[in-house]
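Since the structure comes first, as structure tokens, the remarks are kept for the end.
Side chains are part of it too, since the values below use all heavy atoms of this structure and drop only hydrogens, waters and symmetry mates. Below, chain A is the first sequence line, B the second, and so on; all start at residue 1.
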Protein chains: 2
Amino acid sequence: MESVAEAARGRKPEEVKSAARVLEVLELLGAEGARLSLAEMASAMAVPKSSLHAVLRTMEARGWVDLDPSGTRYSLGLKALLTGTAYLEGDDVTSLAGPVLDALAEETGESVHLGRLDGTHVVYLAKRESRHALRMYSAVGRRLPAHATALGKAVLSQYDAAEVQRRLVWPLERLTPNTVTDPDAFLAQLAEARLRGWASDDGENSVDIRCVAVPLGGGRAGDALSCSAPASRMDDVRLEEVAQAVTEAAHSLSTLLKRLGAQ
Amino acid sequence: MESVAEAARGRKPEEVKSAARVLEVLELLGAEGARLSLAEMASAMAVPKSSLHAVLRTMEARGWVDLDPSGTRYSLGLKALLTGTAYLEGDDVTSLAGPVLDALAEETGESVHLGRLDGTHVVYLAKRESRHALRMYSAVGRRLPAHATALGKAVLSQYDAAEVQRRLVWPLERLTPNTVTDPDAFLAQLAEARLRGWASDDGENSVDIRCVAVPLGGGRAGDALSCSAPASRMDDVRLEEVAQAVTEAAHSLSTLLKRLGAQ
DNA sequence: TTCGATCGTTCAGAAGACCGAATGACGTTT
DNA sequence: AAACGTCATTCGGTCTTCTGAACGATCGAA
């Protein structure tokens, strides 16, 4: 009998209702540094107030959401931060990447990132900042569309065209005048990246930023290493040099990971 | 009838069972960079496997937990990271603190932290690293016992003795030979901090690190600003100088916050 | 003050999750 | 090869949570 009601909302009957709601609350509050009232969240989630009320009580009691002094607006609690940093600490790749990132940042003098594919986006897992005053803004946890970043293209270059077609949302969203949105041109870029071993981004998500990225091996298909710099410091020659350095760094990190996986 | 069963486990009947379990899973997986099987978690949480199974399916479907390639060990998912960083982005204090931290780090040349009291511990919300090669290790999201840190003592100095007694766990845990564990000595330190406006830590959580902290005003009773350095660069005279700088920084941040709260 | 529009909170009937035992799928040991 | 241990997974009856409407509290406007 539940199939009618559940199918109408497009949800699997395999989900535990209030478990899903807890996660939805966290995502909703996280989405925009939001401070939302119970009623606002209930309407946003299309859930009865009374049901959400009990869920929020549970979350508040455990420090996963905080309540305004007024007692009427919810925001994320400290537990969310603790768990977020625990993700990074518990991750093999991120833990091992530290010294490699340090060395690459030292060698290139530019901003260096470790990224992971998550659906259609890439998430920064770790970074080292450029020594220069003019540098790109970034933050661990930040998400950028995979199709407009070197990191994303590096990861995607490991899949065939059909898989890429399946993984991305078409048409590709345009972020800057340089964003590659034509499917054929995009797939051609991936093919080129696959051949030479590194992907690039020329102002495709942020004007005037050029970036090079190399996917990690060692069984970590979703991760890549990148180096970004303002176009003013990154002409084509320099790009190739940096690509070389990133490739070597990625290789050495991949070796560390393979060793870990084998043992 | 549920009061008997629930009271026996010490839980309020106000909790939604599977909501609490979702959070408990996240905390369990976050606790130690753990990779746990369903059976292990079920036993750790004292919950039937079959019930937890459904919860984990829900969490996995939404990317909150990841499953090993083998399909038998769970770890935190990427959504945990996204929500964790969202906590920081959505937080007024952390957002406003950036420039103040930069200035203080520049002025002192030492590591600077923004911390928040969470129960008996202090959590780092933001940091700026020392320019020196010899520097303390720290990370955003890291928790340290409040009674053994300048940050914690700064926050606690705002409460009276009875409140402090209530908030901490006695006896105070010893972390280093310098940790103050005697209740009277500890309360005396807080009283002194309250008078002069800043708290200090002399190798109490980490040998050879000295630290100064000042609580924030502006209605953010739980937050404090600190500056830490190796004892070799921090004699008593220098400590007073740094305390002065931190006090000014805390004051300017508090002013920013008050302005925000008023508007 | 009074009204109106929020908001969070409560409650009893209805719907769905929870649980224990049984099952199937591995990998390892005997 | 066979038996064992451990693992995730399924299933139907029972019990809990979920729900929608009604309530009470709070604030601002009239």
Exercise for review: Check every strand shown and say whether B:Ser51 touches a base, only sugar-phosphate, or nothing at a heavy-atom separation below 4.0 Å.
Suggested key: base
Revision key, fill the gap. Atom CZ of A:Arg35 and atom P of C:dC7 are separated, to the nearest Å, by 18 Å
Check your understanding: Mapping A:Ala39 and A:Ser18 to their closest nucleotides on DNA chain C, which lands nearer the 5' end?
Key -> A:Ala39
**Study point:** Nearest-0.5 Å distance that lies between atom CD in A:Glu27 and atom CH2 in B:Trp64
**Key:** 6.0 Å
Point to revise | Phosphate-side-chain proximity, A:Arg21 and D:dT19, N/O vs OP1/OP2 below 4.0 Å | key: yes
Check your understanding: What is the distance from CG of B:Leu56 to P of D:dC7, rounded to the nearest Å?
Key -> 14 Å
Check your understanding: Considering all heavy atoms of both residues, which atom of A:Val164 and which atom of A:Leu156 are nearest to each other, and what is their separation?
Key -> CG2-O, 3.7 Å
**Study point:** Rounded distance (Å) that lies between atom P of D:dT17 and atom CZ of A:Arg57
**Key:** 14 Å
Review point. Are B:His53 and D:dA8 close enough that a side-chain N or O sits under 4.0 Å from OP1 or OP2?
Key: no
**Study point:** Distance in angstrom units between A:Met45 CE and D:dC18 P, rounded
**Key:** 11 Å
Study note, to complete from the structure: When rounded to the nearest 0.5 Å, the distance separating CG of A:Leu67 from OG1 of A:Thr72 is 7.5 Å
**Study point:** Atom of A:Ala146, atom of A:Leu117 and distance for their closest heavy-atom approach
**Key:** CB-CD1, 3.7 Å
Exercise for review: For A:Thr72, report the nucleic acid contact type (base, sugar-phosphate, nothing); a contact means any heavy atom under 4.0 Å.
Suggested key: sugar-phosphate
Check your understanding: For A:Lys17 and C:dC18, what is the distance between atoms NZ and C1' respectively, to the nearest whole Å?
Key -> 14 Å
Check your understanding: B:Arg73 CZ to D:dA8 P: how many Å, rounded?
Key -> 8 Å
Exercise for review: Would you mind telling me which of C:dT9, D:dC18, D:dT10 lies closest to the side-chain atoms of A:Lys49?
Suggested key: C:dT9
Practice item. State plainly whether the residues B:Arg21 and B:Glu24 are in salt-bridge range, i.e. N to O under 4.0 Å. Key: no
Check your understanding: D:dG20 P sits how many Å from A:Leu52 CG, rounded?
Key -> 13 Å
Point to revise | Between D:dC7 (P) and B:Asp68 (CG): distance, integer Å | key: 13 Å
Revision key, fill the gap. The answer to which of A:Glu40 and B:Ser50 contacts DNA chain C further toward the 5' end, by nearest nucleotide, is A:Glu40
